[in-house]
There are 2 protein chains.
Amino acid sequence: MIVPIGNDSEDDEARRELGDRLREARKYLGLTQEEVAGYLRIPRTALSDIESGQRRVEAIELTRLARLYRQSVGYFTGEDEMSATLPPDVAHLARRVADLSMEDREELGRFAEYLRARASKDTL
Amino acid sequence: MIVPIGNDSEDDEARRELGDRLREARKYLGLTQEEVAGYLRIPRTALSDIESGQRRVEAIELTRLARLYRQSVGYFTGEDEMSATLPPDVAHLARRVADLSMEDREELGRFAEYLRARASKDTL
DNA sequence: CTTGAATGTCGGAATTACCAACATTATAAT
DNA sequence: ATTATAATGTTGGTAATTCCGACATTCAAG
């Protein structure tokens, strides 16, 4: 079984960090809560709560905020660059995979999954 | 004043697309809704609703799903950047390859070569 | 076809967001 | 420093959404 992630206090902290980044980005652009809230069509007080980590941010809301603030969504979620960037040798393999058929890609994918499972049993 | 974005039906559409991508990623890894929901600590029925676009996805939930599925959050939100360079399924495969050992990568590379050779035999 | 697993769907309970009004803080000008 | 105004924070009641459990349907293998 996959080991669960995130207790309540971890959620709170993640929301605070997200809210901090959103507030910083807004102020950097010199926008008010009212302007941004109007753009998103949500109450201004909701944005206030978001920026202080007291209200959940929907994925779609975050997507639109990222566009407005001209940043990647990954920046706000604290996605580390490594998880989005490919290691060089992996990129090389990916290039050769690119001209395989869909079926072969799937078969290769299953084989990769098998290797992964063989290497680490239960590390998610 | 900033011109608002997103009416209700656009929200629904965006949620459907997000749900589709999440479902596809889960099935690609061969995981069940129950496993993923347990990992996220949300009801299974909630994941069912998410994948059909009937429930909002919190930004934090999406972040963790992206980690579990080994994709960037931007991929699920439809952010187009690196996606243009590599087909999504290839990028997906590459990311899963990334945490294989050196030996396993070589083994996977040989298998890819084998698939390539097998495919070209049919077209020559 | 039958079985068991996986997924979908429903109503009512629990949680969360919204809203309006007011309170506090920040900023700028005099 | 004081005032005026904008910006932001807070609160309580209500509306909306999510959760939960039970059951229905679909899917895959035998």
Side-chain angles (χ1 to χ4, degrees), chain A residues 1-2 4-65 68-69 103 106-107 109-110 113 124, chain B residues 1-2 4-65 68-69 76:
Chain A
M1 178 229 179
I2 307 177
I5 190 177
N7 51 47
D8 291 333
S9 58
E10 280 181 315
D11 288 0
D12 289 346
E13 172 157 351
R15 275 188 210 104
R16 271 196 301 273
E17 290 180 5
L18 174 58
D20 286 343
R21 294 191 188 99
L22 288 172
R23 188 194 298 270
E24 184 186 34
R26 176 180 60 80
K27 294 177 99 171
Y28 181 78
L29 293 181
L31 299 173
T32 69
Q33 289 182 350
E34 184 160 13
E35 290 172 313
V36 173
Y39 170 79
L40 276 188
R41 296 174 173 281
I42 67 175
R44 177 193 60 80
T45 54
L47 188 58
S48 175
D49 286 339
I50 284 175
E51 292 183 348
S52 60
Q54 299 180 85
R55 178 193 177 277
R56 299 177 176 171
V57 186
E58 188 192 0
I60 293 176
E61 292 171 335
L62 178 61
T63 300
R64 290 171 180 160
L65 282 173
L68 177 62
Y69 295 158
E103 296 77 25
E106 288 177 9
E107 186 169 353
R110 285 192 294 274
E113 186 57 38
L124 281 179
Chain B
M1 179 231 181
I2 308 176
I5 191 178
N7 51 48
D8 290 334
S9 59
E10 279 182 313
D11 288 0
D12 291 345
E13 169 78 9
R15 278 191 205 100
R16 270 195 301 274
E17 290 181 7
L18 174 57
D20 285 344
R21 286 192 268 260
L22 288 172
R23 166 169 289 157
E24 183 187 33
R26 176 180 59 81
K27 294 176 97 171
Y28 187 76
L29 292 181
L31 298 173
T32 68
Q33 289 181 349
E34 183 158 9
E35 289 173 312
V36 174
Y39 169 78
L40 276 187
R41 298 175 171 281
I42 66 175
R44 178 193 62 78
T45 54
L47 189 58
S48 175
D49 287 339
I50 283 176
E51 292 183 348
S52 60
Q54 300 181 88
R55 178 192 177 277
R56 299 176 177 169
V57 185
E58 189 193 359
I60 293 176
E61 292 172 334
L62 177 61
T63 300
R64 290 172 180 160
L65 281 173
L68 178 62
Y69 295 158
F76 292 109

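Lettering follows sequence order; numbering is per chain, from 1. This one's a predicted model, so the numbers in the text were calculated from it and none came from an experiment.
No donor-acceptor contact under 3.5 angstrom links the side chains of B:Glu34 and B:Thr32, judged on distance only.
Residue A:Arg55 places no side-chain N or O under 4.0 Å from the OP1 or OP2 atom of D:dT17. Between A:Arg26 and the phosphate of D:dT8, there is a side-chain N or O to OP1/OP2 separation shorter than 4.0 Å.
Using a 4.0 Å heavy-atom criterion, one finds that B:Arg56 contacts the sugar-phosphate atoms exclusively. Across all strands shown, B:Thr45 has heavy atoms under 4.0 Å from base atoms, whether or not it also approaches the sugar-phosphate.
Toward the 5' end of DNA chain D, the nearer of the two residues B:Val57 and A:Leu31, judged by each one's closest nucleotide, is A:Leu31.
Straight-line distance from the CD1 atom of A:Ile50 to the P atom of D:dT10: 15 Å, rounded to whole Å. One can place CD of A:Gln33 at 11 Å from P of D:dT10, the figure rounded to the nearest angstrom. If you measure from atom CG of B:Asp12 to atom P of D:dT17, you get 11 Å, rounded to the nearest angstrom. Following rounding to the nearest Å, A:Glu34 (CD) and D:dT8 (C1') show an atom-to-atom distance of 11 Å. Distance A:Ile60 CD1 to D:dT17 C1': 15 Å, rounded to the nearest Å. If you measure from atom CG of B:Asp11 to atom C1' of D:dA16, you get 15 Å, rounded to the nearest angstrom.
Between the CD atom of A:Glu58 and the CZ atom of A:Arg64 there is a distance of 8.0 Å, given to the nearest 0.5 Å. If you take CZ on A:Arg23 and CG on A:Leu47, they are separated by 8.5 Å, rounding to the nearest 0.5 Å. Atom CZ of A:Arg16 is separated from atom OG of A:Ser52 by 10.0 Å, given to the nearest 0.5 angstrom.
You can see that DNA chain C meets the heavy atoms of chain B within a 4.0 Å-exclusive cut from C:dA6 to C:dT9, reading 5' to 3'.
Salt-bridge check for A:Glu61 with A:Arg55: passed, with a basic side-chain N closer than 4.0 Å to an acidic carboxylate O.
Between B:Leu65 and B:Phe76 there is no side-chain heavy-atom pair separated by less than 4.5 Å.
Remark: side-chain polar atoms of B:Glu10 are paired, donor with acceptor, to backbone N or O of B:Asn7 under 3.5 angstrom.
One can find a donor-acceptor pair under 3.5 Å joining the base of D:dG9 and the side-chain atoms of A:Arg44.
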